[in-house]
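Report on the structure given below.
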Amino acid sequence: MSFQAEFVRDISYENTPWDAVIVPKRQIDLEIERLADEAPDKNGRRRRIIKHPLAASGNPSLAPGIQVALEVLKPGEATEPFRHNATEVNFCLDGTGYTRIRDRKIGFEQYDIWNHPSFTAYRHVNEGSELQVRFVYSNEPLLKYLQVYLSESNISESSGAKAETVAGEQNESRSSVELPTIECGAHGSLLMPYEKLINPQLVQSEPNHWAWPDVRAELERLESLGQSYVGRRLYLLYNKMTGRTNGTTPSFFATMTIRPAGIVDRPHRHVSAAINYYFRGHGRSTVNGAKYEWGPGDLMLSAPGWATHNHASYDERVFELTIQDQPFHLWNESLLWQEDMKEPPALLGVESGFETNRNTVVTE
């Protein structure tokens, strides 16, 4: 079948942002029970994707570019090796186990986080005595929208490592025949030869693991920042291969936040979408004027892209994991961010960002 392209007039366009949505703990717990009761698939996985009501049925996701899947393994079970060209952040909700990525064995416990590089085989193992439950965040929806999502199962556990070694050898051999990048004009424009175009600089993409006890110890030091602190008490789980885009993967960052009791953020907005998992404490979020209350174990699309929002803790401290597609937008030069609704937005990464009063605040 052949298709004929056509010329059309430019049409008016308006964004149709998704609404904020909460997936309550009770609903997550029921799905965990259902997954535990059913047989695993041919790859040894028990898996459900959490779908926003506005997501396309053929490409389910919780935010337009962020998929969140719930995965369960019973004691003694393991998944088969699998790889895809999406990158992932895994978060252990409950239980223990390990993930094998290349020659790396990452043992994990509750609230640990680790990332998966693209197109590298991995498998999960539950060697404990309790149910293993994980959230898996990936950029699958974006790749599927572009019609370029690729996955493989029934593969060797080492798939990906050999390809990386060969690529490194090829890159080293080609570098001995160095062709210049040529200046073109007087304003910094360049011409790059084909040989460089098809052999970009290698960046080592490794799995990283952030153990919750280590992260929590650092977070608790932020609790001493008093009510006068203007900023958010969090740490980015930083993967150095993402460089200036400040990511946990090239698409996402994962941050861990501590909110002391009675803290209210000021309203702000950003192009990137944010998904929060609250695993301690109660509070509320206000998104585009609508109020949402949440508690321990709730998952929330807390900031649809460019939605004005803020968060507040009630009478106890809060711990939360936030996944946000900020690095993707930073790299694409689309990361508009408005930290103060009385000031114009800034294009982060091109314009200067925002300052806190960390250097002058008095700790309690």
Side-chain angles (χ1 to χ4, degrees), residues 17-35 41 45-73 79 82 84-95 99 108 110-116 118 122 124 132-145 149 151 210 237 247-257 272-279 285 287 292 294-305 307 309 319-329:
W18 294 8
D19 293 330
V21 64
I22 290 182
V23 187
K25 181 181 186 299
R26 63 180 180 279
Q27 185 179 357
I28 295 170
D29 288 345
L30 285 172
E31 198 59 42
I32 291 170
E33 291 179 12
R34 278 192 285 265
L35 284 168
D41 66 16
R45 300 197 298 180
R46 294 182 176 83
R47 172 181 169 89
R48 288 287 189 278
I49 298 171
I50 302 173
K51 179 183 177 298
H52 190 283
L54 295 180
S57 57
N59 191 8
S61 60
L62 191 53
I66 307 174
Q67 182 188 95
V68 186
L70 179 67
E71 296 194 3
V72 169
L73 276 181
T79 63
F82 170 83
H84 56 175
N85 63 334
T87 50
E88 295 182 6
V89 173
N90 264 249
F91 175 64
C92 179
L93 274 73
D94 209 355
T99 297
F108 58 84
Q110 189 180 41
Y111 305 149
D112 282 9
I113 293 177
W114 62 104
N115 71 293
H116 292 192
S118 172
Y122 67 83
H124 301 294
Q132 179 192 113
V133 185
R134 289 171 284 103
F135 276 146
V136 183
Y137 303 82
S138 84
N139 61 340
E140 274 189 39
L142 175 63
L143 300 177
K144 288 178 177 177
Y145 177 78
Y149 174 70
S151 64
W210 294 269
L237 309 184
T248 307
T249 74
S251 284
F252 302 152
F253 73 46
T255 58
M256 281 289 197
T257 298
S272 47
I275 295 174
N276 287 359
Y277 178 70
Y278 303 100
F279 52 100
S285 298
V287 185
Y292 302 82
W294 39 258
D298 291 347
L299 179 73
M300 180 183 183
L301 172 59
S302 60
H309 62 282
F319 284 122
E320 68 191 61
L321 164 68
T322 300
I323 299 291
Q324 193 174 133
D325 55 359
Q326 187 200 62
F328 168 78
H329 285 288

Qualifying residues under ring pair (Phe, Tyr, Trp, His ring centres under 6.0 Å), relative to Y277, sequence neighbours excluded: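 Y277 satisfies ring pair (Phe, Tyr, Trp, His ring centres under 6.0 Å) with F91, F135 only.
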Sequence-distant partners of H52, ring pair (Phe, Tyr, Trp, His ring centres under 6.0 Å), two or more places apart: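 H52 satisfies ring pair (Phe, Tyr, Trp, His ring centres under 6.0 Å) with W18 only.
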D298 (side chain) donor-acceptor with K25 (main chain) under 3.5 angstrom: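 Side chain of D298 to backbone of K25: a pair is present.
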Main-chain N/O of M300 paired with N276 side-chain donor or acceptor, under 3.5 Å: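 A pair under 3.5 Å: no.
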Over all heavy atoms of both residues, which pair between [X] and [Y] is shortest? Give the atoms and the distance, please.
| X | Y | answer |
| --- | --- | --- |
| Y111 | L93 | CE2-O, 4.0 Å |
| A273 | Q324 | O-CG, 2.9 Å |
| A86 | Y149 | CB-CE1, 4.2 Å |
| V287 | P304 | CG1-CD, 3.9 Å |
| I66 | F252 | CG1-CE2, 3.7 Å |
| P141 | P60 | CG-O, 4.4 Å |

I need the [X] [atom1] to [Y] [atom2] distance, nearest 0.5 Å.
| X | Y | atom1 | atom2 | value |
| --- | --- | --- | --- | --- |
| R47 | R134 | CZ | CZ | 9.0 Å |
| H124 | N90 | NE2 | CG | 4.5 Å |
| R48 | L70 | CZ | CG | 9.0 Å |
| N59 | K51 | CG | NZ | 10.0 Å |
| S285 | H309 | OG | NE2 | 8.5 Å |
| E88 | E140 | CD | CD | 7.5 Å |

Side-chain heavy atoms of [X] within contact of [Y], under 4.5 Å:
| X | Y | answer |
| --- | --- | --- |
| H116 | V136 | no |
| C92 | W114 | yes |
| L321 | M256 | yes |
| S61 | Y145 | no |
| T249 | V89 | yes |
| E31 | V23 | no |
| L62 | L299 | yes |

Mutual orientation of the aromatic rings belonging to F82 and Y122 [parallel < 30°, tilted 30-60°, perpendicular > 60°]: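 F82 vs Y122 ring planes: perpendicular.
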Polar contact flag, side-chain donor to acceptor under 3.5 angstrom, D325-S251: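 No pair is found: no donor N or O on one side chain lies under 3.5 Å from an acceptor on the other.
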